[in-house]
Amino acid sequence: MKDDKKKKAAVEQEVQEEQPAVEEKTAEQKEEQQPAPQEEKKLTPQEELAALQEKYVYLQAEYQNYRKRMVKELADARRYAIEDTVQPFFAVYDFLSMAETAAAQSDNIEAIRQGLMMIIAQYRKAFEELSLTPFDAKGVQFDPMLHDAVAHESSTEIPEGIVSKQWNCGFKLGDKVLRPARVVVSSGAPKEEDKKEE
């Protein structure tokens, strides 16, 4: 037992003696690994010009790669936008095809009318999915930001400046008008001069 204790003590003493030597070696190794500070080398004007030309060529290549990447990304974005836009209209196309077939095979006007109503409902659903909002203009004050006046007509019943007829409804995407409503605007009651001409 005493021999074992003596052996352990001797081993521990040897380890403690070796440890500072190991630490000294690692410090020396670190110093060797660190590069010595280099003195700044002065470049000749020709060397500076060559270095700048090399940077210029590199930047040109980077810019060309960037342009190609942007063109590709823009083309991809357009393609994905078209894909997303046409998706809701596939069902509309299917309904139109079925209506065409039914109209060719049947004289039942009521069935054809119901089919057309289903198609219009499907169109409205497709517009809704795309956040498109149709708006009607009949009976409202003419607004050049929302309406496209295709004609004026006199009316004893409808005041001047009010939309009397609508040829096409308008469409909005959020607050932006995509298509103004095409309308006929009332010019009010016929004037005395107009009556004399008649």
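All residue numbers refer to positions in the sequence shown, counting from 1.
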Taking the side chain as everything from C-beta on, heavy atoms only, tell me whether Val163 gets closer than 4.5 Å to Val184.
no
What pairs of donor and acceptor atoms, side-chain ones from residues 99-109 against any protein atom, are under 3.5 angstrom apart with sequence neighbours left out?
{"unit_1": "Thr101", "atom_1": "OG1", "unit_2": "Ser97", "atom_2": "O", "d": "3.0"}
{"unit_1": "Ser106", "atom_1": "OG", "unit_2": "Asn108", "atom_2": "N", "d": "3.0"}
{"unit_1": "Asn108", "atom_1": "OD1", "unit_2": "Glu110", "atom_2": "N", "d": "3.1"}
{"unit_1": "Asn108", "atom_1": "OD1", "unit_2": "Ala111", "atom_2": "N", "d": "3.2"}

Can you sort out the partners of Phe171 under ring-ring contact (aromatic ring centres under 6.0 Å, His included), two or more places apart, ordered by chain and number?
Phe127
Just jot down the side-chain hydrogen bond (donor to acceptor under 3.5 Å, both in side chains) partners of Ser155, sequence neighbours excluded, or say none.
none
Under the rule for side-chain hydrogen bond (donor to acceptor under 3.5 Å, both in side chains), what residues qualify as partners of Arg67, not counting sequence neighbours?
none
Under the 4.5 Å side-chain heavy-atom rule for ILVMFWY, direct or indirect, which residues accompany Phe90?
Ile82, Val86
Mind jotting down which residue pairs meet the salt bridge (Lys or Arg N to Asp or Glu O under 4.0 Å) criterion with at least one end in residues 156-168? Sequence neighbours excluded, please.
Glu153-Lys165
Contacts of Asp76 that satisfy side-chain hydrogen bond (donor to acceptor under 3.5 Å, both in side chains) - sequence neighbours left out:
Lys72, Arg79
Can you list every pair that meets side-chain hydrogen bond (donor to acceptor under 3.5 Å, both in side chains) and has a residue in residues 117-135, with sequence neighbours left out?
none
Run through the side-chain heavy atoms of Ile, Leu, Val, Met, Phe, Trp and Tyr, join any pair under 4.5 Å, and report what else lands in Tyr93's cluster.
none
With Gln166 via side-chain hydrogen bond (donor to acceptor under 3.5 Å, both in side chains) - residues at least two apart:
Asp136
With side-chain contact (heavy atoms from CB on, under 4.5 Å) as the criterion, how do Leu132 and Lys172 come out once you've worked through the C-alpha distance, each side chain's angles and the decisive distance to 0.1 Å?
CA-CA 6 Å; Leu132 286 172; Lys172 286 183 179 181; over 6 Å; no
Could you list the cluster mates of Leu52? Members are the ILVMFWY residues connected by side-chain heavy atoms closer than 4.5 Å, either directly or through other members.
none
In short, side-chain hydrogen bond (donor to acceptor under 3.5 Å, both in side chains) pairs touching residues 53-65 with sequence neighbours left out are none
